[in-house]
Amino acid sequence: MLIKQAPDIRSSEITPKGLYLKRREFIQASAAALVAAGLSSWDAELAAQGGGLPKLPNVRKSPLSTTEAPSAYDYITSYNNFYEFAPGAGDGPKKNSKNFKAQPWTVSVEGEVKNKGNYQLEDFIKPYTLEERVYRFRCVEAWSFVIPWVGIPLADVIKKAEPTSKAKFVEFTTLQDASRFPMQRTDLLEWPYREGLRLDEAMHPLTILAVGLYGEVLPAQNGAPIRLVVPWKYGFKNIKSIVKMRFVENQPLNTWQAMARNEYGFYANVNPMVDHPRWSQARERRLPSFIANRQTQMFNGYADQVQSLYAGMDLRKNF
Amino acid sequence: MKAISVIKPLVFAAAALPAAALVHGFYTSDLTANPGDYITDQTGTWTLACLFASLAITPIRRVTGWNDVIRLRRMLGLFAFFYVVLHLLTWVVFIHYFDAGFMVEDVFKRPFITVGMAAFLILLALAATSNRFSIRTLGRKWQSLHRLAYAAALLGVVHFWWLVKADITEPRRWAAGLVVLLGLRVWWVVQKRTAARTAPA
């Protein structure tokens, strides 16, 4: 297949910052209007969905949500990857996480920050307003959902931590506890699962720490009690069941890159033009579906908001 | 009535059961949120299962001395072909949606597809020559040709091994099974040769 190379952006084509920010305001305002119009149609349906888990209080809607209709709760919670519970995508994570206890839970903030700390989850979340963010979710395996997460902007958490000038990346780590994550007894992956973001990616308004789904607390199989959601990146970047955030100077090595460097990179931005070595990323299955029913969009449809983060980078090399 | 006349329809039913389960799952919408992948995985697994079962017939016959078991072999081989055709169709329809360009690219660019396709072509040749007419006309060549079933099994295991992301538990099991089946063959050949050499002239 001939893969069209994305043209390099000439500096003359780069939108001046003032205009760019104005455009962002415009997009957000129009998105908000659309959300308001769209919400009423699926609001009732949305309210009816859930898994009977505790409801999260005082959740604010967000203009950053997509207006696409969210995928059914049952599908989101019975088809996913969570290698700590089961190998491969399917309902294994759901079946094997029935007895998972997400309490008590502590999150530590470490590394190049002024305000290091060890927080009980409730205290970690308390300073922030919970927001509903309905995002497209694109797995590297070429399937996708639309997911109504509930979470907090990661940028707010980072601002409070006050990174030092040395902090260039954030590394996240999943809980290591084989009594709760049975597959950690095997050598399926290098445990604990690790992921990382560049600081500017972590600070981006779209990036959130999710604690809920469909207005309820996260079910175990979807990364309870707290997980990362970066909607323009492949699913595996969205590390689950986080216990540690470490601010570092050098680019951290994420688990899948460590497993197969030729197949999974650090950036993992959704990109229809860069294939996985073993399958095409040009199209995707918006589940439930037998066939690839959608073209995959650059940055999973968030190009307007995030492409400036990668200006001048060769995305084929930095996949 | 001979035991095989009872066993054969039972084995037929057992080999057809996975396909029936998929049809049932289709009508009850119970094939996961990603039914395309699920059917691809299932038909692939059952191709290997039927192929391995057909390769196990001769060892069973030799070990137990139960000659009638040979009457299951062609049926199991044809079931392997049945499942591999479905498996290939899932690739044609669910993955590429009849896009010939993408399919050709897949075969030449991705080694796990290349070996999978090679295994399919072998099974196609074996299924096409599984009738009495071919057996009669091909004579001794028929047996050589049908030994390619081992090559198909090997390619099938390699295909599986190369496609998994991290969990090689299942491919490793199939590989172990193949080692046993091939190992028995080799062992018997070696034994036969030593017996021939030590036998009085």
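Every chain is numbered from 1 and lettered A, B, ... according to where its sequence line falls, protein lines coming before strand lines. Below, each value reflects all heavy atoms present in this structure, side chains not excepted, and no hydrogens, waters or symmetry copies.
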Seminar exercise, completed: Among residues 165-187 of chain B, residues within the sub-4.5 Å heavy-atom range of chain A, in order of number, are B:Lys165, B:Ala166, B:Asp167

Exercise. Within residues 57-71 of chain B, which positions have a heavy-atom distance to chain A below 4.5 Å?
Worked result: none

Exercise. Would B:His96 and A:Ile291 satisfy side-chain contact (heavy atoms from CB on, under 4.5 Å), going step by step from the backbone distance to the final call?
Worked result: CA-CA 8 Å; B:His96 292 300; A:Ile291 59 165; over 6 Å; no

Exercise. For B:Phe94, does its backbone N or O pair with a side-chain atom of A:Arg285 as donor and acceptor, under 3.5 Å?
Worked result: yes

Exercise. Can you tell me if A:Arg278 uses its side chain to pair, donor with acceptor, with the backbone of B:Leu163 under 3.5 Å?
Worked result: yes

Exercise. Quick check: are there more than 12 heavy atoms from other residues, nucleotides or ligands sitting under 6.0 Å from OH of A:Tyr302?
Worked result: yes

Exercise. Is the CD atom of B:Gln143 crowded by more than 12 outside heavy atoms at less than 6.0 Å?
Worked result: no

Exercise. How many angstroms lie between atom CG of B:Asn34 and atom CH2 of A:Trp143, to the nearest 0.5 angstrom?
Worked result: 8.0 Å

Exercise. What are the two closest heavy atoms between A:Ser289 and B:Pro35, and how far apart are they?
Worked result: O-CD, 3.7 Å

Problem set entry | Which atoms of B:Val104 approach chain A - backbone, side chain, both or neither, heavy atom under 4.5 Å | neither

For this session: For each of B:Ile39, B:Asp37, B:Thr90, B:Val93, tally heavy-atom pairs with chain A at distances under 4.5 Å, and name the one with the top tally.
Result: B:Asp37

Problem set entry | Pairs touching residues 18-30 of chain B that satisfy side-chain hydrogen bond (donor to acceptor under 3.5 Å, both in side chains), sequence neighbours left out | none

Exercise. Side chain, backbone, both or neither: which part of A:Ser78 has an atom under 4.5 Å from a heavy atom of chain B?
Worked result: neither

Exercise. Relative to chain B, which segment of A:Leu188 carries a heavy atom at a distance below 4.5 Å: side chain, backbone, both, or neither?
Worked result: both

Exercise. Which of residues 255-264 of chain A have a heavy atom under 4.5 Å from any heavy atom of chain B?
Worked result: A:Trp256, A:Met259, A:Tyr264

Problem set entry | Residue selection (most heavy-atom pairs with chain B, distance under 4.5 Å) from A:Tyr83, A:Trp279, A:Tyr75 | A:Trp279

Problem set entry | B:Ile95 side chain near A:Arg283 side chain, heavy-atom distance below 4.5 Å | no

Problem set entry | Proximity of A:Phe290 and B:Phe26 rings by center, below 6.0 Å | yes

